[in-house]
Amino acid sequence: MKSIGKNFSISTGLYRPIRSLYRLLNQDRLKDYSSYFQREISFYSKLLNPDSLCFDIGANIGDKAEAFLISGARVVAFEPQPECMRELKARCSYYGSKFHAVQKAVGAEPGEARLYTRERSGIASFYEDWIGTVQNSIQVSITTLDRAIDEFGTPDYCKIDVEGWELEVLKGLTQPIPLVSFEYHITEREINTTGACIDYLSNLGKILINVVPAEMHSFVFQEWLPPDEFLKRFPEDVIDLAKDGYGEIWVRSC
């Protein structure tokens, strides 16, 4: 939906029916997205048991959160950008008590930090030198994973997509989570961040690792790998598979 129509539909409470009508009228143009979204749902349905609790860290406008909800999960979605939060709530509040939105970022310590927004809300970052052109900056509230667990319980799955801030999110966690995914990027700084995230999670308990390149819905490795073996094969074994040079690292506690 165009931004003017989207804002109108959110403010009038008509977001979901207008969005459904828009998709119906534009189904030929949107068929690639529709097919992708169905693959998302299928992928998560195989990973999550019914009524699993999911934390969506960096929920943006709710693409992943809605896929989790349709898969049968309960979702706590964390998103600090006000405009994204408005659409996230309009999109996912339909699922009632299975959905809870928190207008905060997640980091190493509770407090506040400056978030740099870009032309696309999905690439807002706490790093000023992140990809894209900075459009503005906003001061946002920060909580931690430990505090979120105290409030909502330990998630069965925690998705982290925070544009370079992944390690800071994990630093606010002092206990294992059964299943975690976080975004990786094939740049020198972010490869180092990936290694640091894996080291951090290793210190919380025994883990196994796999990887899903961007826009794919299957794991690269047939068997989940221990950290030392995974790091021998990453990023070399996924560079040619990673569309636009990014994807998700998956970490399973065992």
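Predicted, not measured: the structure shown is a model, and the values here were computed from it. All residue numbers refer to positions in the sequence shown, counting from 1.
- No donor-acceptor distance shorter than 3.5 angstrom exists from the side chain of Glu168 to the backbone of Glu166, with no hydrogens or angles considered.
- With sequence neighbours left out, Asn203 forms a side chain to side chain contact (heavy atoms under 4.5 Å, CB included) with no residue at all.
- Within the 4.5 Å cutoff, side-chain heavy atoms of Tyr95 are placed close to those of Ile70.
- Taken from NE2 in His185 to OG1 in Thr193, the straight-line distance is 10.0 Å, to the nearest 0.5 Å.
- The shortest side-chain heavy-atom distance between Arg91 and Asp63 falls under the 4.5 Å cut-off.
- Between the side chains of Asn60 and Ser121, a donor-acceptor pair is found at a separation under 3.5 Å.
- Closest approach of Leu208 and Pro226 over heavy atoms only: CD2-N, 3.7 Å.
- A continuous path of Ile, Leu, Val, Met, Phe, Trp and Tyr side chains, each step under 4.5 Å between heavy atoms, connects Tyr200 with Phe234, placing both in one hydrophobic cluster.
- Between Phe126 and Trp165, the angle of the ring planes lies from 30° to 60°, which puts this pair in the tilted group.
- Taking CG from Leu231 and CD1 from Ile191, the interatomic distance works out to 11.0 Å, rounded to the nearest 0.5 Å.
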Next on the checklist: With side-chain contact (heavy atoms from CB on, under 4.5 Å) as the criterion, how do Tyr157 and Ser181 come out once you've worked through the C-alpha distance, each side chain's angles and the decisive distance to 0.1 Å?
Outcome noted: CA-CA 8 Å; Tyr157 167 53; Ser181 70; 2.6 Å; yes
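- Scanning all heavy atoms of the two residues, the minimum distance from Ser253 to Ile177 falls at OG-O, 2.8 Å.
- Not counting sequence neighbours, Phe99 has no partner by the ring-ring contact (aromatic ring centres under 6.0 Å, His included) test.
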Checklist entry - Could you walk me through whether Leu170 and Leu204 pass the side-chain contact (heavy atoms from CB on, under 4.5 Å) check? => result CA-CA 10 Å; Leu170 293 175; Leu204 299 181; over 6 Å; no
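- You'll find the ring centres of Trp250 and Phe230 outside the 6.0 Å limit.
- A 6.0 Å sphere centred on CD of Glu109 holds no more than 12 heavy atoms belonging to other residues, nucleotides or ligands.
- Counting heavy-atom neighbours within 6.0 Å of Gln222 CD, excluding the residue itself, gives a total of 12 or less.
- If you take CD on Glu112 and CZ on Arg114, they are separated by 9.5 Å, rounding to the nearest 0.5 Å.
- Here the options are Val180, Thr154, Thr174, Ile57, the test is side-chain contact (heavy atoms from CB on, under 4.5 Å), and the partner is Leu145; only Ile57 passes.
- In terms of the side chain to side chain contact (heavy atoms under 4.5 Å, CB included) criterion, residue partners of Glu188 (sequence neighbours excluded) are, by chain and number, Asn192.
- Here the closest non-hydrogen pair linking Asp237 and Leu241 is O-CD1, 3.8 Å.
- In this structure, CD1 on Ile209 lies 6.0 Å from OG on Ser202, to the nearest 0.5 angstrom.
- Crowding of Glu119 atom CD: a count of heavy atoms from other residues, nucleotides or ligands under 6.0 Å exceeding 12.
- For Lys89, the NZ atom counts as loosely surrounded, since its 6.0 Å shell holds 12 or fewer non-hydrogen atoms of other residues, nucleotides or ligands.
- Without hydrogens or angle criteria, Asp56 side chain to Ala65 main chain gives a donor-acceptor distance under 3.5 Å.
- The cluster map of Ile, Leu, Val, Met, Phe, Trp and Tyr, joined by side-chain heavy atoms under 4.5 Å apart, puts Ile61 and Ile123 in different clusters.
- With hydrogens and angles left out, the side-chain atoms of Arg118 and Gln135 include no donor and acceptor closer than 3.5 Å.
- One finds the SG atom of Cys84 at 4.5 Å from the CD atom of Glu79 (value rounded to the nearest 0.5 Å).
- Residues Gly172 and Thr144 share a closest heavy-atom pair of O-CB, 3.8 Å.
- Separation of the Tyr116 and Trp130 ring centroids does not fall under the 6.0 Å cut-off.
- Residues Tyr246 and Val169 do not share a hydrophobic cluster, clusters being chains of Ile/Leu/Val/Met/Phe/Trp/Tyr side chains in contact below 4.5 Å.
- Counting heavy atoms from C-beta on, the side chains of Gln175 and Asp146 come closer than 4.5 Å.
- A perpendicular orientation is assigned to the rings of Phe55 and Phe152, their planes being inclined by more than 60° (bins at 30° and 60°).
- In the hydrophobic cluster analysis, where Ile, Leu, Val, Met, Phe, Trp and Tyr join through side-chain heavy atoms closer than 4.5 angstrom, Ile186 is grouped apart from Ile131.
- You'll find the side chain of Pro155 stays beyond 4.5 Å of the side chain of Val76, heavy atoms only.
- The shortest side-chain heavy-atom distance between Cys158 and Leu179 does not fall under the 4.5 Å cut-off.
- Put simply, the side chain of Leu173 reaches to within 4.5 Å of the side chain of Ile149, judged on heavy atoms.
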Next on the checklist: Assess the residue pair Phe182 and Val251 against the criterion (side-chain contact (heavy atoms from CB on, under 4.5 Å)); give the C-alpha distance rounded to whole Å, side-chain angles, the decisive distance to 0.1 Å, and a yes or no.
Outcome noted: CA-CA 9 Å; Phe182 61 88; Val251 179; 4.0 Å; yes
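- The shortest heavy-atom contact between Thr143 and Arg147 is OG1-CB, 3.5 Å.
- Considering CG of Leu115 and OG of Ser141, their distance stands at 11.5 Å, rounded to 0.5 Å.
- Residues Cys92 and Leu88 have side chains in contact (heavy-atom distance under 4.5 Å, counting atoms from C-beta outward).
- Transitive grouping of hydrophobic side chains (ILVMFWY, heavy atoms separated by less than 4.5 Å) keeps Val134 and Ile138 in distinct clusters.
- Applying the side chain to side chain contact (heavy atoms under 4.5 Å, CB included) criterion to Asp161, with sequence neighbours excluded, gives Lys159, Glu163, Glu183.
- Applying the salt bridge (charged side-chain N to carboxylate O under 4.0 Å, His left out) test to every pair with at least one member in residues 120-132, sequence neighbours left out, gives these pairs: Asp129-Arg189.
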I'd like a table of donor-acceptor pairs (distance under 3.5 Å, sequence neighbours excluded) in which one partner is a side-chain atom from residues 40-54, with atom names and distances.
unit_1 : atom_1 : unit_2 : atom_2 : d
Glu40  : OE1    : Lys64  : NZ     : 3.2
Glu40  : OE2    : Lys64  : NZ     : 3.2
Glu40  : OE2    : His217 : NE2    : 2.9
Tyr44  : OH     : Lys64  : NZ     : 2.9
Ser45  : OG     : Ile41  : O      : 2.7
Ser45  : OG     : Ser71  : OG     : 3.3
Asp51  : OD1    : Arg74  : NE     : 3.2
Ser52  : OG     : Asn49  : N      : 3.0
Ser52  : OG     : Asn49  : O      : 2.6

